[in-house]
Amino acid sequence: MFETLKYLTGSAGASGYGSKSTGEQVTENCGDLHSITAIITGATSGIGAETARVLAKRGARLVLPARSLKAAEDAKARIMSENPDSEIIVMGLDLSSLNSVRNFVSEFESFNLPLNLLINNAGKFAREHAISEDGIEMTFATNYLGHFLLTKLLLKKMIETAKTTGIQGRIVNVSSSIYNWFSGDTIRYLGQISRNKLRDFDPTRAYALSKLANVLHTKELAQRLKQMEANVTVNCVHPGVVRTRLTREREGIVTDMAFFLTSKLLKTIPQAAATTCYVAAHPKLVNVTGKYFSDCNEASTSKLGSNSTEAARLWTASEIMVSRGSKAVFDPLTSTLDYDISIKQFK
């Protein structure tokens, strides 16, 4: 009851901010970000667009990858109209395609730019069951696996940038409290929904799985970065409940009614972007890693979300799924991952 009242009133937590804080407010004391180069996925609309706008206002150089270059150019134009001196690079990226992720990273590296900040924000909530070109359920492929590979391929650049500049690198994974709705065996369920023929597809459970994967990825990556003694942190955020284009595939009377009934709990987009902006830029977060944030304050995760064994298990499965020249085949009956290695992997 207390937490609900705190949320509704916007009472500040230990960070000095709360549910009613906005992205601009939480970055007021972050100083000049002109030395920061940031990649923000899903920045063409909603929370990602507001995050990009705020960071550009604070001086950061932005790289905006998107499936639609037109949408990315439009987002760039909106930011430039408010901040004419902003440096913004638009690039193509389809997170549901591992090949597209590799091509994006290759093109980005050709620019010889530093990379201080990676915000894995893009998200998809698909009502209809679909499989990616890599054989993975589409929501999971877009929300988690594409970001897993993107982070993996950009990590060397981030570590090098931190070492050269002395500025600690930051990775922000945007999750959702809906991850709590998932229970069961993560790999087994992913195997089930990654089958081409699926009778009963639950889009909400699939979305919850992808958001749980974001949380587990954060936990495992934080441990690995510590072991590497890399000057890069990774944290996870729940932006809050807000109606954005994420629900575009669920429009209709039921969705409209649900949002109407919960309107008092909804955040505005500037408020929803606040936690991401806080974790991405605030000086209080130096050396803070492997944590989960909600309403601009550190929050606890579920038992499954804090399970180190499950995090390591998902990491291993993810490495297999993104490996070149391999085909990941899930066996939902045994909850194992059969790995068919092709000769191309060794070339």
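Along the sequence shown, the residues carry numbers beginning at 1.
- Annotation: side chain of E310 is not in contact with side chain of K219 (no heavy-atom distance under 4.5 Å).
- Each of V286 and L225 belongs to its own hydrophobic cluster when Ile, Leu, Val, Met, Phe, Trp and Tyr are linked at side-chain heavy-atom distances under 4.5 angstrom.
- Of the candidates V101, N143, L145, L95 forms a side chain to side chain contact (heavy atoms under 4.5 Å, CB included) with just one, namely V101.
- Under the 30°/60° scheme for interplanar angles, the aromatic rings of F104 and F108 are found to lie parallel.
- Of the possible donor and acceptor atoms, one in the side chain of T316 sits under 3.5 Å from a partner among the backbone N and O of A312.
- The ring-ring contact (aromatic ring centres under 6.0 Å, His included) contacts involving residues 167-186 comprise Y179-Y292, F182-Y189, where partners must be two or more places apart or lie in separate chains.
- At a threshold of 4.5 Å between side-chain heavy atoms, the hydrophobic network of Ile, Leu, Val, Met, Phe, Trp and Tyr places I119 and V54 in two separate groups.
- A 6.0 Å sphere centred on NZ of K291 holds no more than 12 heavy atoms belonging to other residues, nucleotides or ligands.
- Residue-environment remark: CD (E82) exceeds the threshold of 12 foreign heavy atoms within 6.0 Å.
- The main-chain N or O of A122 is found under 3.5 Å from a side-chain atom of T41 such that the two form a donor-acceptor pair.
- Residues forming a side chain to side chain contact (heavy atoms under 4.5 Å, CB included) with A43 (at least two apart in sequence, or on another chain): I40, A52, L64.
- Here E24 pairs with R53, K57 under the side-chain hydrogen bond (donor to acceptor under 3.5 Å, both in side chains) rule; sequence neighbours left out.
- At most 12 non-hydrogen atoms from other residues, nucleotides or ligands lie less than 6.0 angstrom from CG of D200.
- Taking the six-membered ring for Trp, H238 and F293 have ring centres at least 6.0 Å apart.
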